[in-house]
Asks: 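I'd like to ask some things about the structure below.
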Amino acid sequence: MKTAPLLALLAGVAGVSSVATAAEKLDVVYHLSEPDRAAFVLNNMQNHIDGVGGPEHINMVLVVHGPAVNALNEIEATEKVSSGVASLREQGVAFEMCGNTLEVFNLELDELLPGFVEVSQGGVTRIAELQTKGYAYIRP
C-alpha cells in the first residue's frame, strides 16, 4: 500500500518533466542529395513544421550536397521548389550548401535560390556536426 503514494508522486514528476520538454524547440537536420527528391523533401519539411505546431517550435536546417544542387540552382529550379524554399526560409529554416559541391559543380552561392549559406567543411561533415549537437537526422 505504501507504493501507491510513491507511484502518484513519480507520475506527477513525469508529467512536469514532459511539459518542460514540450516547451523546448525540436532540433532537426534534413539531408538532401538527390535532385529529383527536392520538392518531396521540402514538402516533408513543411509538414514537419505544421506537425509540431509551427516554426516557433522547431529549429530546422536543410543541408544539401551532390547533384541536388541542380534542383536548387536559380535557373533550373522548378516553381514548386522555388516557392517551397522561399516559404520555409520565411519560417526560419536554415539552408546550407556543401562547399565541396559548389566547387565540383563550378557554381557560386549566388547562383542558387536565395537564402543558402555555404558550409566550407562539407555537407556530410556539417550533418555529423549538427547530430553531435543533438539534432535529429532525417533523410526522406
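Nothing fancy with the numbering, it's 1 onward along the sequence. Since the model is a prediction, treat every value here as computed from it, not as a measurement. Values below: every heavy atom of this structure, side chains too, minus hydrogens, waters and symmetry copies.
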Asks: So if I apply the side chain to side chain contact (heavy atoms under 4.5 Å, CB included) rule between His65 and each of Met97, His31, Glu96, which one comes out positive?
Replies: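 When Met97, His31, Glu96 are each tested with His65, the side chain to side chain contact (heavy atoms under 4.5 Å, CB included) holds only for His31.
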
Asks: Please say yes or no: joined through hydrophobic side-chain contacts below 4.5 Å, possibly via intermediate residues, are Val63 and Met60 part of one cluster?
Replies: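 Shared cluster, no.
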
Asks: Please report the shortest heavy-atom distance between Ala38 and Ala71, naming the atom on each side.
Replies: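 Looking at all heavy atoms of both residues, the shortest contact is CB-CB, 3.8 Å.
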
Asks: First locate atom CG of Asp110, then atom CG of Leu107, and finally report the distance between them rounded to the nearest 0.5 Å.
Replies: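 So the CG of Asp110 and the CG of Leu107 are separated by 9.5 Å.
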
Asks: Applying the side chain to side chain contact (heavy atoms under 4.5 Å, CB included) test to Val28, which of Ile58, Val61, Leu130, Asn59 qualifies?
Replies: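 Only one option passes, and that is Ile58.
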
Asks: Quick check: are there more than 12 heavy atoms from other residues, nucleotides or ligands sitting under 6.0 Å from CD of Glu108?
Replies: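 Result for CD/Glu108: open.
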
Asks: Going only through I, L, V, M, F, W and Y residues with side-chain contacts under 4.5 Å, is there a path from Val117 to Ile127?
Replies: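 No, no single cluster joins them.
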
Asks: For the residue pair Glu111 and Asn106, what are the closest heavy atoms and their distance?
Replies: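 Minimum heavy-atom separation between Glu111 and Asn106: OE2-O, 4.3 Å.
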
Asks: Distance check, rounded to the nearest 0.5 Å: Phe105 atom CZ versus Cys98 atom SG?
Replies: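 It is 10.0 Å, given to the nearest 0.5 Å.
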
Asks: Has the side chain of Ser120 got a donor or acceptor atom that lies under 3.5 Å from a matching backbone atom of Gly99?
Replies: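 It does not hold such a pair.
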
Asks: Show your reasoning for whether side chain to side chain contact (heavy atoms under 4.5 Å, CB included) applies to Val64 and Thr101.
Replies: CA-CA 9 Å; Val64 181; Thr101 294; over 6 Å; no

Asks: Please tell me whether Val119 and Val124 are part of a single hydrophobic cluster in this structure, the criterion being side-chain heavy atoms less than 4.5 Å apart.
Replies: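 No, because Val119 and Val124 fall into different hydrophobic clusters, even though each may have its own neighbours under 4.5 Å.
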
Asks: Indicate the atoms forming the closest heavy-atom contact of Leu62 with Val93, along with that distance.
Replies: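 In this case the closest contact between Leu62 and Val93 is N-CG1, 4.5 Å.
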
Asks: Going by the side-chain hydrogen bond (donor to acceptor under 3.5 Å, both in side chains) test, which pairs reach into residues 71-89, not counting sequence neighbours?
Replies: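 Every side-chain hydrogen bond (donor to acceptor under 3.5 Å, both in side chains) pair that includes a residue of residues 71-89, provided the two are not neighbours, is Ser87-Gln91.
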
Asks: Are more than 12 heavy atoms, taken from residues, nucleotides or ligands other than Gln121, located less than 6.0 Å from that residue's CD atom?
Replies: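 More than 12 heavy atoms, drawn from other residues, nucleotides or ligands, come within 6.0 Å of this atom.
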
Asks: Under a single-linkage definition using a 4.5 Å side-chain heavy-atom cutoff for Ile, Leu, Val, Met, Phe, Trp and Tyr, are Tyr137 and Met45 assigned to the same hydrophobic cluster?
Replies: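 No, Tyr137 does not connect to Met45 through the hydrophobic network.
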
Asks: What are the two closest heavy atoms between Ser33 and Pro67, and how far apart are they?
Replies: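 Ser33 and Pro67 have their closest heavy atoms at O-CD, 3.5 Å.
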
Asks: Kindly indicate whether the side chain of Tyr30, heavy atoms from C-beta on, has any atom under 4.5 Å from the side chain of Asn44.
Replies: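 They are in side-chain contact.
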
Asks: So, for Phe95 and Leu88, which heavy atoms are closest and what is the spacing to 0.1 Å?
Replies: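 Where Phe95 meets Leu88 most closely, the heavy atoms are CZ-CB, 3.7 Å.
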
Asks: One thing to verify: whether Arg126 and Glu118 come together as a salt bridge, which I'm taking to mean a side-chain N less than 4.0 angstrom from a carboxylate O.
Replies: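 Between Arg126 and Glu118 there is no salt bridge, as every charged N stays at least 4.0 Å from the carboxylate O atoms.
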
Asks: Grab the two heavy atoms, one from Val29 and one from Tyr135, that are nearest each other, plus how far apart they are.
Replies: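 That closest heavy-atom pairing would be N-CD2, 3.9 Å.
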
Asks: Keeping Asn43 on the side-chain end and Ala39 on the backbone end, is there a donor-acceptor pair under 3.5 Å?
Replies: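 It does not hold such a pair.
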
